[in-house]
Every structure is written in C-alpha cells, then in structure tokens.
Amino acid sequence: MKNIGYFFKEARTIFQVDRLSNILSIFSIGLIFLILSTITTAWWVSHQLVNMLRDEAEINVFFQEDMEDVNINSLMESIGIIGDVKEVKLVDKEESHQRMVEILGKEAKVLELFDSNPFQAFIEVKINVEKLDTILERLESIEAIDYIRDNKDVIDKLQNLISLLTIVGVLVITATGISTLVVISHIIRQGIYNNREQINTLRLLGAPESFIGFPFVLEGLFLTVAGGLLAFGLVYLGVKTAYGQIGSNIFIPLPHMEDLLKSMGVFILFASGVLGIGGSIFGLKSAKVN
Amino acid sequence: MIEGKDISLVYGDGTKALRGVNIAISKGQLAYIIGPSGSGKTSLLKLFMGIEYPTEGELKVLGLKMQKGQEANIRKLRRLIGPVFQEFKLIKGRTALENVMLGLRFLDMPSKMIKEESKNALIKVGLSHKIDTVVEHLSFGETQRVAIARAVARKPALILADEPTGNLDVDNALNIMSLLASFRNENTAVIITTHATHLLDNIDQGEIIKVENGIIKMESRGAVQ
Ligand SMILES: Nc1ncnc2c1ncn2[C@@H]1O[C@H](COP(=O)(O)OP(=O)(O)O)[C@@H](O)[C@H]1O
Ligand SMILES: [Mg+2]
C-alpha cells in the first residue's frame with residue numbers, strides 16, 4: 001500500500017469539496033444508526049432477560065400446612081428423582097416471610113399489620129424450563145401436593161416479545177441498511193461527479209479503477225464510521241441514563257451495562273464499516289455506468 | 001513500436017477521421033505529424049494513446065494490439081506512454097510536483113523514486129523554482145511544462161504531444177519543440193503533432209508525417225543518429 005498517504009489526502013479533498021453534504025450525511029447516518037441500535041439494544045436486553053429467567057426457572061410446590069417434616073422430606077425426595085429437576089430446596093415459613101420483606105423493601109411495613117406470619121412454607125424446585133410441561137405432569141400425580149406455582153406465563157410472554165422484537169429488528173436492520181447504502185452511494189456518486197475531470201485524466205493515464213476508487217471507499221467508510229460513533233455516543237448516554245433511572249427501581253435483573261455497551265459498540269462499528277464499504281462500492285459501480 | 005495497417009477511424013456520428021492509414025514508427029524515433037486543422041492529427045494520436053481504437057485495420061502500439069474489447073491492452077498501453085494532452089489535463093488545486101507524482105503513483109515504481117523522478121523531471125523542463133506552486137498560479141508556458149514533466153517522469157517508451165505549439169509565438173514554439181525532442185533517446189520515441197507547418201522549416205531532424213483529410217503521407221527529413 002505505497003499510496004496510502006495519498007489515498008487519505010484524496011479522501012479528505014473529496015470530503016472538503018462538498019463539506020456540507022458530507023457533514024449532513026454523517027448526521028443522517030448517525031440518526032439511522034441510532035434507530036438501529038435502539039432496536040438492537042431492546043432485543044439484546046430482552047434476550048438476555050429471557051435467558052436469565054430460563055436459567056433461574058423454578059416452580060414452587062405448596063403442600064398441606066400441617067404436613068409433618070418426615071413427609072415433607074419424602075415429598076422432596078420424590079420430586080428430586082424426577083428427570084430434569086436440578087435442585088429441590090425447602091423454603092420454610094420464616095424464609096418465605098423474609099423473601100417477601102426483601103422484595104417489598106420500604107413497603108415491607110404492611111407486613112407488620114399481620115399478627116402472625118401469613119406466608120406458607122413451600123418447596124422450591126429449580127428446573128430446566130424446556131421440560132416444564134413434563135415435570136408439571138409428573139408433579140400433578142403426587143398426591144401430597146396442594147398446588148403448584150410456575151412462571152411459565154412470564155417466560156412465554158417474554159418469548160413472544162422477543163419474537164416480535166426479532167421481526168421488528170430484522171425489518172429495521174434491513175431498512176436502515178438500505179437507507180445507509182442509499183445515502184452513502186448517493187454522496188459517493190456526487191463526489192465522483194465533482195471529481196469527474198480528475199477521474200477522466202487518471203483513466204487516460206492508465207490508472208486502475210481500484211486506484212481511482214479507493215479514496216471514495218475511504219470517504220464512505222469515514223462517513224459511516226463517523227455516523228456510527230455519533231450514534232454510539234447517544235446510545236452510551238441513553239443507556240447510562242436509563243440504567244441510572246430504572247436500575248435501582250425494578251427487580252428484574254438487567255444485563256451488565258458494560259457488556260451491553262461493549263456489544264453495542266462492536267456492533268455499530270462493524271455495521272458502519274460494512275455499510276460504508278458496501279455503499280461506496282455500490283456508488284462507484286452505479287456511477288461507472290454513466 | 002507502432003505499426004498500423006489500413007487503419008480507419010470513424011467516430012460515432014459517422015465522421016471519417018482517418019482512412020486507410022499505414023504507419024510505422026520505430027523505437028527511439030522522432031516524428032512530427034503535421035497537417036491543417038481538422039485533418040486527423042489528434043485522431044491519429046488518440047489511437048496511439050489508447051483513447052480511440054481503429055474502426056478498421058490493425059494497430060499495434062508497443063507490441064500491444066489496440067482493438068475494441070482489448071481493455072487490458074489499452075490500460076497497459078496508457079501506463080507505458082507519456083502523453084501530453086493538448087489541453088494539458090492537469091489536476092486543479094494541486095502543485096506542479098503533486099501533478100507529476102500523480103502520473104507515477106500507479107506505475108511499477110517504488111514509492112521512494114516517485115518523488116525523486118518527479119522533481120528531476122520538473123528540473124529538466126526548467127521548473128525547479130515552481131515545484132510547489134499550485135498549477136492554476138502558473139503561466140501558460142509553465143503549465144505546459146508541467147504537463148511535459150508528467151509525461152517524461154514516467155520514463156515512457158513513447159512520448160506523445162498533441163499540438164504543443166498551440167498558439168505560441170515562433171520562438172516559444174520552437175523552444176517547446178526542441179525541449180520535447182530532447183527527451184528522445186534510443187529507448188524513447190517522441191511524436192509531436194502541429195498544424196504550424198512553417199515551424200518545420202527550422203527543424204532538420206526526424207520523420208515528418210503529413211496528414212490531409214484523414215489520409216497520410218510519410219516523408220523523411222534528416223537522420224536521427
Ligand atoms: N469525438 C469526435 N466525434 C466526432 N468527430 C470528431 C471527433 N473528434 C474529431 N472529430 C472530427 O474528426 C476530424 C479530425 O479531427 P482531429 O483529429 O481533431 O483533427 P486535427 O487534430 O488534425 O485538428 C475532424 O473533422 C473533426 O471534426
Ligand atoms: Mg488536434
């Protein structure tokens with residue numbers, strides 16, 4: 001790459017010849033990527049969330065309150081031998097109460113209204129969520145069980161949300177990809193038009209098309225990466241604010257902010273790189289026809 | 001070096017610019033193509049520059065067949081020659097040095113040599129003091145010399161200059177002609193077109209090729225050592 005310095009200088013010249021259009025296209029690409037990354041973030045967070053819930057999938061098995069310890073133990077044993085049950089644990093009345101206090105936090109005062117502990121002991125069964133239905137079937141055949149509480153509904157709802165977000169995500173990715181390609185190839189064609197005399201001269205001197213086109217690819221790459229960085233800056237601020245606001249107020253465990261930002265950064269940089277190169281090559285090809 | 005047999009060139013609008021041209025130019029030769037305006041000099045030069053290709057007949061330049069569809073040959077030829085276009089075709093906003101260097105960047109020349117050769121060429125055409133001047137700020141004659149330097153710096157086997165005497169007065173025209181002729185050597189042929197027939201009275205070396213109405217007549221004058 002003996003001409004790399006020349007290529008960068010050329011790209012800068014191409015940029016400066018039509019500075020306003022170039023700056024405007026950086027902003028529009030930034031906006032496009034902002035939409036793209038918002039959707040992707042939503043998808044990523046909910047995906048992480050479902051995975052977390054899956055890993056922690058559990059069902060709570062309630063039994064008659066007057067059951068004796070021996071019987072509780074044998075009940076736990078018979079639950080434990082069911083396939084795909086990972087862990088069986090007894091949560092007694094005190095712990096049950098304690099957990100509620102934790103969940104309610106400041107609101108736990110209401111619990112003081114009760115004379116005695118209103119919570120029941122239960123058996124916490126950690127399971128593989130895929131096998132939930134067969135496990136439930138097996139449990140139902142055990143007589144000592146009063147009733148079973150599971151969070152299948154929540155997981156199902158989240159799963160549906162993810163499916164929806166995936167569809168929306170694919171549409172948005174396609175739409176943003178196409179608009180970026182259009183914006184970039186348009187600005188590249190404009191640059192080629194502004195430089196047509198020079199390009200013609202280079203051709204007459206026998207310059208290969210790759211030599212002529214490379215500065216334009218660099219320009220396209222610069223525009224999308226700059227737009228991508230702009231979008232990432234906004235995403236960074238947005239995510240920080242959002243985590244600051246909701247992180248402490250809801251119980252659902254969000255993915256680590258650093259992980260989220262790192263993934264988004266890599267994703268935006270990669271997408272902008274690919275679209276920048278693709279868009280400028282598209283622009284070069286479509287300009288050549290004329 | 002250049003071998004043309006029964007070449008004709010018909011432009012898209014039907015203009016027959018060249019007819020039944022037979023031409024042979026050998027390695028290291030100096031040749032002048034003369035003829036009135038519109039006779040076909042530029043057209044002939046464009047064939048040698050790989051800008052046009054013959055409508056009929058056979059043409060080989062530097063051993064490369066010039067023909068429709070031979071894109072690779074045409075591109076290769078363009079890299080091997082040193083063209084001086086009538087309208088110079090320099091890049092605006094760049095210095096003399098940058099312009100000369102740009103003609104070399106995509107040749108098989110090591111990057112160290114590109115700048116060195118470009119400077120040398122500018123010195124040879126007498127522009128050592130204008131190396132870093134933006135080309136729009138040069139006089140007509142200086143601009144022309146930059147164009148010549150760009151051609152020469154490529155160390156081409158063939159220098160082709162279209163109407164370099166342009167509207168220059170006799171003294172300047174002769175100066176530029178002899179400058180161009182000075183780059184001829186056993187490895188570099190030089191071909192110059194001009195409509196100023198009277199200038200050739202002062203020239204005693206080289207082949208003279210007369211063009212009239214798209215037809216040519218070869219005529220020799222003096223020997224080139
Ligand atoms: N691109 C072109 N398309 C059509 N006709 C052309 C073109 N270029 C030159 N001609 C015609 O071809 C003839 C020869 O032109 P040219 O080679 O430029 O002559 P010269 O250089 O001797 O003045 C002229 O009649 C001119 O009008
Ligand atoms: Mg002419």
Side-chain angles (χ1 to χ4, degrees), chain A residues 1-23 187-222 277 280-281 283-290, chain B residues 42 45-46 48-52 61-62 64 71-95 97-115 118 134-136 146-147 150-151 153-154 156-158 160 162:
Chain A
M1 268 286 133
K2 65 174 181 184
N3 286 313
I4 199 75
Y6 162 78
F7 287 140
F8 273 102
K9 232 170 130 183
E10 279 300 305
R12 204 182 67 189
T13 311
I14 298 166
F15 183 92
Q16 278 168 346
V17 165
D18 201 359
R19 196 178 312 158
L20 184 64
S21 306
N22 276 280
I23 289 173
I187 195 97
I188 294 299
R189 267 204 303 277
Q190 196 63 45
I192 290 168
Y193 183 77
N194 294 336
N195 276 269
R196 60 195 181 283
E197 264 182 57
Q198 176 174 346
I199 290 172
N200 185 41
T201 301
L202 283 171
R203 284 195 179 133
L204 292 180
L205 292 171
E209 289 303 311
S210 56
F211 179 90
I212 295 171
F214 197 77
F216 291 97
V217 176
L218 272 184
E219 188 207 4
L221 192 59
F222 171 74
I277 293 172
S280 32
I281 289 175
L284 282 166
K285 289 259 184 277
S286 61
K288 214 177 290 171
V289 180
N290 304 331
Chain B
T42 297
L45 221 54
K46 279 183 174 171
F48 304 158
M49 290 176 172
I51 297 175
E52 299 286 347
V61 185
L62 302 180
L64 298 163
E71 293 301 319
N73 275 358
I74 288 171
R75 227 170 249 282
K76 195 169 172 199
L77 173 69
R78 290 178 180 183
R79 285 203 282 272
L80 292 172
I81 58 169
V84 183
F85 304 103
Q86 187 169 3
E87 64 282 31
F88 309 143
K89 294 194 189 290
L90 296 176
I91 312 297
K92 291 190 199 93
R94 314 295 164 94
T95 65
L97 182 63
E98 283 169 338
N99 264 283
V100 177
M101 284 174 72
L102 190 51
L104 307 182
R105 289 190 188 278
F106 42 86
L107 305 182
D108 297 328
M109 197 182 275
S111 40
K112 267 187 296 184
M113 275 178 70
I114 292 178
K115 196 165 193 176
S118 303
V134 175
V135 287
E136 291 100 297
V146 176
R150 183 176 67 188
R154 311 179 101 198
L158 181 59
L160 299 158
D162 193 12

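Chain letters run A, B, ... following the sequence lines, proteins first, then strands; residues in each count from 1. Worth knowing before you read on, the calculation uses all heavy atoms, side chains too, and leaves out hydrogens, waters and symmetry mates.
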By a 4.5 Å heavy-atom criterion (distance strictly below it), what part of A/Ser210 contacts chain B: side chain, backbone, both, or neither?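 Neither part, no heavy atoms under 4.5 Å.
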Given a strict heavy-atom distance threshold of 4.5 Å, which part of A/Glu197 is in contact with chain B: side chain, backbone, both, or neither? side chain
Interatomic spacing from [atom1] in [X] to [atom2] in [Y] - rounded to 0.5 Å:
X        : Y        : atom1 : atom2 : result
B/Arg150 : A/Thr201 : CZ    : OG1   : 6.5 Å
B/Asn99  : A/Gln198 : CG    : CD    : 8.5 Å
B/Arg78  : A/Leu202 : CZ    : CG    : 11.5 Å
B/Leu107 : A/Phe211 : CG    : CZ    : 9.0 Å

Does the side chain to side chain contact (heavy atoms under 4.5 Å, CB included) test come out yes or no for A/Lys9 and B/Arg94, once each step is laid out? CA-CA 11 Å; A/Lys9 232 170 130 183; B/Arg94 314 295 164 94; over 6 Å; no
Taking all heavy atoms of [X] and all of [Y], pick out the closest pair and write down the distance.
X        : Y        : value
B/Phe106 : A/Pro208 : CB-CD, 3.7 Å
A/Leu205 : B/Arg154 : O-NH2, 2.6 Å
B/Arg79  : A/Gly206 : NH1-O, 2.8 Å

With a sphere of 6.0 Å drawn around CZ of A/Phe8, does it hold more than 12 non-hydrogen atoms of other residues, nucleotides or ligands?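 Check fails, neighbour count at 12 or below.
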Check this for me: A/Arg196, atom CZ, are more than 12 non-hydrogen atoms of other residues, nucleotides or ligands nearer than 6.0 Å?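 Counting other residues, nucleotides and ligands, CZ of A/Arg196 exceeds 12 neighbours.
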Under a 4.5 Å heavy-atom cut-off, does chain A meet the side chain of B/Leu90, its backbone, both or neither? neither
Segment of B/Lys76 engaging chain A (4.5 angstrom heavy-atom cut-off):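 Neither part.
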Presence of salt bridge, B/Arg105 and A/Glu10, under 4.0 angstrom: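 No, this pair does not count.
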Going by the rule side chain to side chain contact (heavy atoms under 4.5 Å, CB included), which residues pair with B/Ser111 if we only count those two or more places apart in sequence or in a different chain?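 Testing B/Ser111 for side chain to side chain contact (heavy atoms under 4.5 Å, CB included), a comparison that skips the adjacent residues, returns A/Lys2.
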